[in-house]
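I have placed the structure first, in the form of structure tokens, so that the comments after it can refer back to it.
Numbering of ligands and ligand atoms starts at 1, following listing order. The residues of the chain are indexed from 1 along the displayed sequence.
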Amino acid sequence: MQRHLISAADLTRDDAVLILDTAEEMARVADRPIKKLPTLRGRTIVNLFFEDSTRTRISFEAAEKRLSADVINFSAKGSSVSKGESLKDTAQTLEAMGVDAVVIRHGASGAPYRLANSGWIDAAVINAGDGTHQHPTQALLDAFTMRRRLVGRDAGLGQDLDGKRITIVGDILHGRVARSNVDLLHTLGAEVTLVAPPTLLPVGVETWPCEVSYDLDSTLPKSDAVMMLRVQRERMNAAFFPTEREYSRRYGLDGDRMARMPEHAIVMHPGPMVRGMEITAEVADSERCTAIEQVANGVSIRMAVLYLLLGGNEPAVSHPRNTEEK
Ligand code: NCD
């Protein structure tokens, strides 16, 4: 595995399966009364958030604390960034404090790449979402959720998502979740179909390793998982569809549409959900929707990524029985 995690496209199949398998071990820790491992004791991790976040920020912090790392939280609001300080100066300040890893979310696509390759810092860099570009840990937690639900928990170990049919619906143009998922799902052997209005598809989408459709109803019966994405209003500078009602009517998931999906198929959403827009409350609250499960799985995935990148010398989770056998 590389030293940084910048893009889902940088992961090989073996890297991705190793992360999913390690996350499965980490998930077992969450079932224990004391949910803490000593693995990253003495290591310092900074969460550098230049853009709003609820789930991702809390999830990284929970993962770091469960691995016993020292955690520093930094959000651009209230820091010297609002006084015009550059990414370089911020990075060098962190370096001076001796941090081992930086988790960064930034509005500019490419900011984590710049940080990792600039020589400004020595720490491992983990991308927690950059502009419209990538959000690799989200794709990993989505793949983890799909593998658990569609292949099985124990049966899934060592497995990828070979032949699973995944439909991703919504704002593909501005969506880093869509981009990261297409990359990772392709690496894991899944067949991906994107469904969106033509205005919300990026130029060059035909070169991506997936199918494209404008018709949600005909895609649903052929899906093992349907991932609904939020329309990223904050990244839009023009009108991309006539009205919200029109958008929901054609691309929103309601109970009637969900009934067209095969019985075993799941509905996914990375959050934040805009109920009534891309998903109705009925679907969001149904048994088939994995949104909350995805959040829980996010902690296990981020523990696995941090553990693997920061190269803990000890096994992530100690198994007393295995030690006896040796
Ligand atoms: C997504 C994000 O920030 O890219 N959310 C998340 O990380 N859970 C998706 C979104 O904002 O719609």
Side-chain angles (χ1 to χ4, degrees), residues 5-9 23 47-64 73 75-77 103-113 126-146 166-185 194-197 200-202 225-236 240-241 244 247-248 251-253 266-279 283-284 289-303 305-306:
L5 179 58
I6 305 299
S7 165
N47 299 318
L48 200 55
F49 278 70
F50 293 91
E51 223 189 45
D52 294 344
S53 171
T54 306
R55 276 151 288 268
T56 307
R57 191 170 51 80
I58 293 174
S59 170
F60 265 110
E61 190 175 342
E64 291 152 5
N73 287 314
S75 68
K77 266 180 220 150
V103 174
I104 175 171
R105 169 168 285 203
H106 203 288
S109 303
Y113 177 87
I126 299 162
N127 182 0
D130 62 328
T132 60
H133 178 226
Q134 279 277 335
H135 193 355
T137 57
Q138 179 69 43
L140 284 161
L141 76 88
D142 291 336
F144 183 76
T145 307
M146 290 178 216
I166 316 299
T167 302
I168 304 179
V169 189
D171 186 354
I172 313 295
L173 178 62
H174 304 99
R176 53 199 177 198
V177 177
R179 225 170 275 264
S180 314
N181 262 289
V182 170
D183 288 334
L184 186 67
L185 289 169
L194 302 176
V195 181
L200 288 179
L201 285 166
V226 176
M227 185 185 296
M228 303 307 297
L229 298 180
R230 186 177 65 88
V231 172
Q232 309 264 306
R233 289 206 169 277
E234 72 278 24
R235 299 187 210 281
M236 291 185 177
F240 287 82
F241 47 85
E244 287 194 2
Y247 179 87
S248 309
Y251 298 100
L253 191 62
I266 53 172
V267 175
M268 306 182 69
H269 199 304
M273 296 192 270
V274 184
R275 289 165 181 248
M277 177 74 171
E278 74 273 9
I279 191 164
V283 176
C289 180
T290 60
I292 299 294
E293 211 172 296
Q294 286 167 260
V295 175
N297 291 341
V299 178
S300 307
I301 278 291
R302 286 163 181 137
M303 286 173 78
V305 166
L306 289 165

Quick one: nearest non-hydrogen protein atom to atom 6 (C) of ligand 1, plus distance? Gly271 O, 3.6 Å
What is the ring orientation for His174 with Phe240, classed by angle as parallel under 30°, tilted 30 to 60°, or perpendicular over 60°? perpendicular
Answer whether the closest heavy-atom distance between the side chains of Glu64 and Leu306 falls below 4.5 Å. yes
Taking the side chain as C-beta and beyond, is there a heavy-atom pair between His269 and Ile292 under 4.5 Å? no
Does ligand 1 have any atom that is closer than 4.0 Å to a heavy atom of Gly129? no
Contact between Glu51 and ligand 1, counting heavy atoms under 4.0 Å? no
Please state which part of Arg105 comes within less than 4.0 Å of ligand 1, counting heavy atoms only: side chain, backbone, both or neither. side chain
Report yes or no: does a heavy atom of Gly298 sit under 4.0 Å from some atom of ligand 1? no
Of all the atoms in ligand 1, which lie at a distance below 4.0 Å from a heavy atom belonging to Gln138? 6 (C), 7 (O), 8 (N)
Which of the ligand 1 atoms, numbered from 1, are nearer than 4.0 Å to a heavy atom of Val177: 1 (C), 4 (O), 9 (C)
Side chains of Val267 and Val283: does their closest heavy-atom pair fall under 4.5 Å? yes
Can you find a pair of side-chain heavy atoms, one from Val177 and one from Asp142, that are under 4.5 Å apart? yes
Residue, atom and distance of the protein heavy atom nearest atom 10 (C) of ligand 1 read Gln232 NE2, 3.2 Å
Scanning both residues in full, the closest heavy-atom pair of Ala178 with Ile168 reads CB-CG2, 4.3 Å
Provide the number and element of each atom of ligand 1 under 4.0 Å from a heavy atom of His135. 2 (C), 4 (O), 6 (C), 7 (O)
Where is the nearest protein heavy atom to atom 11 (O) of ligand 1: which residue, which atom, and how far? Arg230 NH2, 2.9 Å
Looking at atom 4 (O) of ligand 1, what's its closest protein heavy atom, distance included? Arg176 NE, 2.7 Å
Give the atom numbers and elements of ligand 1 that come within less than 4.0 Å of a heavy atom of Pro270. 8 (N)
Within 45° of the six-membered ring axis of Phe49 and under 6.0 Å from that ring's centre, is NZ or CZ of Arg105 located there? no
Given side chains that start at C-beta, do those of Pro272 and Arg230 come closer than 4.5 Å, heavy atoms only? yes
